[in-house]
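All values below come from the heavy atoms of this structure, side chains included, with hydrogens, waters and symmetry mates left out. It should be emphasised that the depicted structure is a prediction, and the values quoted were computed from it without experimental measurement. Below, chain A is the first sequence line, B the second, and so on; all start at residue 1.
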2 protein chains.
Amino acid sequence: MLNYSTSEENYIKAIFHLQKQDGTVTTNELANELKTKPASVTDMMKKLKAKKLLNYQPYKGFRLNNDGTRVALGIIRRHRLWEYFLAEKLKFSWDEVHEVAEDLEHVSNKKLIDKLDEFLGFPRTDPHGDPIPDANGKIEISRKICITELPLHTVAIVSSVSDQSSEILELLEHKKITIGTKLEVKKKFDFDKSMEIRIGRHPVFTISDRLAQNIFVQSN
Amino acid sequence: MLNYSTSEENYIKAIFHLQKQDGTVTTNELANELKTKPASVTDMMKKLKAKKLLNYQPYKGFRLNNDGTRVALGIIRRHRLWEYFLAEKLKFSWDEVHEVAEDLEHVSNKKLIDKLDEFLGFPRTDPHGDPIPDANGKIEISRKICITELPLHTVAIVSSVSDQSSEILELLEHKKITIGTKLEVKKKFDFDKSMEIRIGRHPVFTISDRLAQNIFVQSN
DNA sequence: AAATGGGTTTAGATAAATCTAAATTAAATA
DNA sequence: TATTTAATTTAGATTTATCTAAACCCATTT
């Protein structure tokens, strides 16, 4: 099991998150995601290609291969276990864990992570509702759909939120939407794609399309 | 509170440990400690002097000033809290925690460390018996003496071991010497400075001077 | 098919941390 | 005090990760 630099790991993780399903990732997308410059991305892609972690032909975009995916899942496992630890044991609030885990995830001692996993009782999801890969890199494919796709008047349980900036988390807290919240979409407006939702017996209220796109529910 | 690179932190910590009491640290000592080259040490000393963390005149050795000491105590606090966490919560064995903590200590998020401290119940010493600085950088001055200084036939309690290589810890484990062990020096030999010690009602056995110099007991 | 323009890559520079080899200083010795 | 030697510093090179600016590719549009 080779070790990768913090910078390499950040690139690998970002590619994993961006490549979703079948597509490839472009230089600009990645530069934007990592708040770096396209030239830096190209340099790193050459390096990761040389390390055989991704498929990359100049001008054609890139995609993690099997080895790269395995590495990415290891990083995500560390990140999500630390998030769980921070929320569950250290009582960090939901919107603070991501940032701290960004640093902790780069400490890559397998025994540490496996023992942490055991200490935490082998949690299946992190505080945002995202599945945690196991020690072998296996991850539950979460059958989740965005509430923008949810039929009207159907109660569903919030299982995760995708954007993990503290801004969105602050907003969700204000609206009292969290993992496990039961909600129902009452109305959608074509004009701005905003929607009215209801939580339990509380009055109906409005959320923007931008926010709705980041809220997911379990679809089993 | 400024941030320092992993490399800077390793230098600061090493100086702190080497400078003991009143003396200064030399370039070679530090290079040896950090397994680096004297030229690299000189470069870093210029940098740390520019950051006003130490007193340094070319060819005269160096010593942390107040700010440098404060930074060092922060690093040591993080290191020892993680060691405690690893031993107490993750059930790492005594001789494994140091190495893992070497990585974790560089994650320098004050809130993380203060919450970890609280979660652990504000431990006073790490698994090696060394005191943990509090959130303000206060550290108990441990009144400990080396067993080489201990008068004969005086029972004392092992409170810490200084060298934290896995080699010494393996040897201590074999000899059944650990923090809290009650022992008594029965005989010292001038020739090789080896000594015979007794633990509880077990038969007397010999330890080398090299080992003895790393075993400390509380002297209150 | 030629031109345009956005996305991408290359070229060359910079900063951090390290190294080797050479020069320098200070302390010990003759 | 002059000399030797060991420790230390300087000079210059290397690696990693980044940047800016210039060059390049290619798909879409005239």
Notebook entry, point to check: What parts of residues 30-37 of chain A reach DNA chain C, counting only heavy atoms under 4.0 Å away?
Noted result: none
Margin query: Any base atoms under 4.0 Å from B/Phe62, or only sugar-phosphate, or nothing? Heavy atoms, all strands.
Written below: nothing
Checklist line | B/Thr26 side chain near D/dA7 phosphate (N/O to OP1/OP2, under 4.0 Å) | finding: no
Please produce a list of atom pairs where a protein N or O lies less than 3.5 Å from an N or O of nucleotides 23-29 of chain D.
unit_1: D/dC25; atom_1: O4'; unit_2: A/Tyr59; atom_2: OH; d: 3.4

Check: Can you list every pair that meets salt bridge (Lys or Arg N to Asp or Glu O under 4.0 Å) and has a residue in residues 10-19 of chain A, with sequence neighbours left out?
Finding: A/Lys13-A/Glu102, A/Lys13-A/Glu105
Item checked: Value in whole Å for how far the P atom of C/dT9 lies from CG of A/Leu48 -> 13 Å
Next item on the list: With sequence neighbours left out, write down each residue that passes salt bridge (charged side-chain N to carboxylate O under 4.0 Å, His left out) with A/Asp67, or none if nothing qualifies.
Entry: A/Arg70
Next item on the list: Could you name each residue pair satisfying salt bridge (Lys or Arg N to Asp or Glu O under 4.0 Å) that touches residues 24-42 of chain A, not counting sequence neighbours?
Entry: none
Using atom types as modelled, flag every donor-acceptor pair under 3.5 Å from a side chain in residues 130-141 of chain A to any protein atom, sequence neighbours excluded.
unit_1: A/Asp130; atom_1: OD1; unit_2: A/Lys144; atom_2: NZ; d: 3.0
unit_1: A/Asp134; atom_1: OD1; unit_2: A/Asn136; atom_2: N; d: 2.7
unit_1: A/Asp134; atom_1: OD1; unit_2: A/Gly137; atom_2: N; d: 3.1
unit_1: A/Asp134; atom_1: OD1; unit_2: A/Lys138; atom_2: N; d: 3.0
unit_1: A/Glu140; atom_1: OE2; unit_2: A/Arg124; atom_2: NE; d: 2.5
unit_1: A/Glu140; atom_1: OE2; unit_2: A/Arg124; atom_2: NH2; d: 3.0

Margin query: According to salt bridge (charged side-chain N to carboxylate O under 4.0 Å, His left out), who are the partners of B/Glu99, at least two apart in sequence or on a separate chain?
Written below: none
Note to self: What is the distance, to the nearest angstrom, from the CD atom on A/Glu8 to the C1' atom on D/dT16?
What the structure shows: 9 Å
Checklist line | Distance below 4.0 Å between B/Asn28 side-chain N/O and D/dA6 OP1 or OP2 | finding: no
Checklist line | Partner set under ring-ring contact (aromatic ring centres under 6.0 Å, His included) for A/Tyr4, not counting sequence neighbours | finding: none
Notebook entry, point to check: Would you say a side-chain N or O of A/Ser7 is under 4.0 Å from OP1 or OP2 of D/dT18?
Noted result: yes
Checklist line | Residues within residues 38-46 of chain A bordering DNA chain C, heavy-atom distance below 4.0 Å | finding: A/Pro38, A/Ala39, A/Thr42, A/Lys46
Item checked: Ion pair check, A/Asp126 and A/Arg80, cut-off under 4.0 Å -> yes
Check: With sequence neighbours left out, what residues match B/His106 under ring-ring contact (aromatic ring centres under 6.0 Å, His included)?
Finding: none
Item checked: Whole-Å gap separating C1' (D/dT8) and CD (B/Glu29) -> 13 Å
Item checked: A/Arg77: salt bridge (charged side-chain N to carboxylate O under 4.0 Å, His left out) partners, not counting sequence neighbours -> A/Asp114, A/Asp117
Next item on the list: Starting at atom OH of B/Tyr11, determine the distance to atom P of C/dA16, rounded to an integer number of angstrom.
Entry: 15 Å
Item checked: Partner set under salt bridge (charged side-chain N to carboxylate O under 4.0 Å, His left out) for B/Lys51, not counting sequence neighbours -> B/Glu8
Next item on the list: Take B/Glu196 and B/Lys188 through the test salt bridge (charged side-chain N to carboxylate O under 4.0 Å, His left out) and record every step on the way to the result.
Entry: CA-CA 6 Å; B/Glu196 287 184 345; B/Lys188 297 179 195 174; over 6 Å; no
